Amino acid sequence: MATYLEILCGLIAICLAFYYYFLSVLDFWKIRGVPGPKPLPLLGNIKDVMLMKMSMSDYLRKIYHEYKNEPMVGIFARKTPILVLQDPDLIKDVLIKDFSKFANRGLPVLEKIEPLSPHLFNLEAERWRPLRTRLSPVFTSGKIREMFPLILECADHLEQYLEKIVARGEPIECRELTAKYTTDVIGSCAFGIEINAISDDESEFRRVGKSVFATNFLQLVRFRARQMFPTFYNLLGYVLPSSEVTTFFTKVIVDTMRYREENNVTRPDFVNMLIELKKHPDKLENVKLTDSLLTAQAFVFFIAGFETSSTAISNALYELALNPEVQDKLRKEIKEMYDKNNGELQYEKIKDMEYLDLVFKETLRKYPPGPLLLRRSICKYTFEGTKITIPAKQFIWIPIYAIQRDPDIYPNPDAFIPERFTEDAVAARHPMHYLPFGDGPRNCIGARFAIYQSKVGLIKILRNYKIDVCEKTMIPYVIDPAAFLLAPKGGIYLKITKIES
């Protein structure tokens with residue numbers, strides 16, 4: 001009898017533990033008066049995202065429209081409560097006005113198993129602030145002007161490669177084409193290395209770069225494990241060998257820094273800034289400088305720099321193929337710019353190309369590379385004008401993709417209309433309704449660099465080549481539900497033909 005009673009008590013204890021761990025938290029938003037969809041035990045509200053039936057971009061757009069008039073919506077990622085912030089004034093409070101209370105992104109930094117994870121994008125505020133301050137000078141206008149000849153050299157290689165592959169008369173997968181170009185640019189401007197990803201199909205940098213964003217089964221398992229069981233996942237660092245990506249980048253950066261120090265080599269690039277940090281570690285309070293930490297900063301510059309810019313360029317080409325009148329108008333501006341400047345592409349003249357700027361901004365409106373912004377509260381916080389209070393360490397998502405596809409903000413949002421970004425049109429909108437690079441102190445540190453390398457790539461392609469859709473072009477555009485950033489499912493295939501002068 002006693003045995004049965006013990007078994008019964010054990011089962012009750014297990015059920016209570018199960019309830020507490022998986023179910024009790026599901027009243028979190030109801031208690032606080034925040035509207036939102038009813039969550040499922042274990043899965044929360046993101047079942048279709050976890051099963052890869054829907055991208056996170058499309059899911060948040062769906063939630064945004066279901067709760068269109070709500071300033072915020074409460075959802076659950078499995079059992080974790082997430083606050084989806086929709087009101088632009090509250091978004092501004094989080095990103096700018098009260099930034100010090102939301103300075104963290106809340107992403108895991110698991111240095112044992114992922115030595116490259118403590119980079120600027122992931123780091124907690126304490127280490128992020130001094131590193132951001134010290135690394136920002138490498139992205140000033142003056143520094144990018146110094147790098148501009150290196151960008152042009154890579155763009156010239158892109159032109160030469162394009163002529164070769166266009167001659168085959170086959171559809172071209174533009175994401176891979178543009179990723180080769182941006183990989184070469186980052187390699188040259190950040191590391192002082194001629195990668196030659198454009199001409200070398202066996203480029204190790206390109207192969208390793210692709211593996212970072214691969215959506216194979218093993219990558220997805222690691223991603224889910226990191227999300228759901230970070231403590232256990234980090235313990236694996238004691239037994240699992242370093243990944244190929246970690247080994248490759250650590251060797252490249254450490255060897256490059258050592259070579260420059262031994263040979264007194266100075267270049268206006270990211271590695272040089274890391275060398276300066278290493279020489280003066282006392283200037284970084286609360287930060288213990290290690291080779292891994294320095295490599296992590298170079299690593300995030302590389303992966304963010306090539307992937308987001310190549311995606312932006314290929315998405316622009318896709319829209320220009322679908323909208324030939326926009327393409328023709330842009331090519332006319334490019335031709336006029338060259339004619340006025342003796343056939344040369346100059347740094348100062350790019351920002352004078354108004355229509356190119358409109359096209360680029362409209363591309364990032366429709367396809368923001370990061371479809372949401374992540375923040376995590378540092379302390380208890382009550383949103384202004386509401387009675388809603390969130391605790392410390394609360395996750396907040398800002399659904400950029402959904403906001404930038406809102407028909408009340410951008411009429412006919414799925415159409416490609418560059419004129420949405422004329423000076424008058426921008427002035428009429430809330431500044432928080434366009435956030436492809438984020439905003440506030442924790443905005444994208446490399447935004448200016450990304451804009452220049454993307455615009456140069458577009459100029460070089462469009463000057464002498466016409467872009468058209470073909471039988472392999474994906475229409476309509478479908479977002480890959482397995483991709484970590486906003487990316488098309490199956491790639492972007494287009495027909496590119498040389499324009500006879």
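What you see is a predicted model, and the numbers here were worked out from it, not measured in a lab.
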Query - Qualifying residues under side chain to side chain donor-acceptor pair (under 3.5 Å), relative to R463, sequence neighbours excluded - result: none
Query raised in the report: Side chains of D89 and H430: is there a donor and an acceptor less than 3.5 Å apart?
Result: yes
Query raised in the report: With sequence neighbours left out, what residues match Y59 under side chain to side chain donor-acceptor pair (under 3.5 Å)?
Result: none
Report task. For F191, enumerate each residue passing the ring pair (Phe, Tyr, Trp, His ring centres under 6.0 Å) test, keeping only those at least two apart in sequence or located in another chain. Result -> none
**Report entry** Sequence-distant partners of R260, salt bridge (Lys or Arg N to Asp or Glu O under 4.0 Å), two or more places apart
**Finding:** D269
Report task. May I have all residue pairs that pass ring pair (Phe, Tyr, Trp, His ring centres under 6.0 Å) and include part of residues 317-348, sequence neighbours excluded? Result -> F148-Y347, Y318-Y477, Y347-Y452
Side chains of residues 50-57: which donor-acceptor partners sit under 3.5 Å, not counting sequence neighbours?
unit_1: S55; atom_1: OG; unit_2: D58; atom_2: N; d: 3.1
unit_1: S55; atom_1: OG; unit_2: D58; atom_2: OD2; d: 3.1

Query - Enclosure of E163 CD (heavy-atom neighbours >12, cutoff 6.0 Å) - result: no
Query raised in the report: Which residues satisfy the side chain to side chain donor-acceptor pair (under 3.5 Å) test with Q327, sequence neighbours excluded?
Result: R331
Report summary line: Taken in chain and number order and not counting sequence neighbours, the residues that satisfy salt bridge (Lys or Arg N to Asp or Glu O under 4.0 Å) with E66 are K62
Report task. For E362, enumerate each residue passing the salt bridge (Lys or Arg N to Asp or Glu O under 4.0 Å) test, keeping only those at least two apart in sequence or located in another chain. Result -> R365, R420
Requested in this report: Using ring pair (Phe, Tyr, Trp, His ring centres under 6.0 Å) as the criterion, list what pairs up with F437, not counting sequence neighbours.
Outcome: none
**Report entry** Pairs satisfying side chain to side chain donor-acceptor pair (under 3.5 Å), at least one member in residues 485-499, at least two apart
**Finding:** none
Without placing hydrogens or testing angles, list every side-chain donor-acceptor pair under 3.5 Å for residues 136-146, not counting sequence neighbours.
unit_1: S136; atom_1: OG; unit_2: R132; atom_2: O; d: 2.6
unit_1: T140; atom_1: OG1; unit_2: P137; atom_2: O; d: 3.2
unit_1: T140; atom_1: OG1; unit_2: K143; atom_2: N; d: 3.3
unit_1: S141; atom_1: OG; unit_2: R448; atom_2: NE; d: 3.3
unit_1: R145; atom_1: NH1; unit_2: E348; atom_2: OE2; d: 2.3

Report task. Verify the ring-centre separation between W128 and F99: is it less than 6.0 angstrom? Result -> yes
Report task. Compute both the distance and the angle, then confirm whether R105 meets the cation-pi test with F121: under 6.0 Å from the six-membered ring centre, within 45 degrees of the axis. Result -> yes
Requested in this report: Give a yes or no on whether the backbone of S310 and the side-chain of T178 come within a donor-acceptor separation of less than 3.5 Å.
Outcome: yes
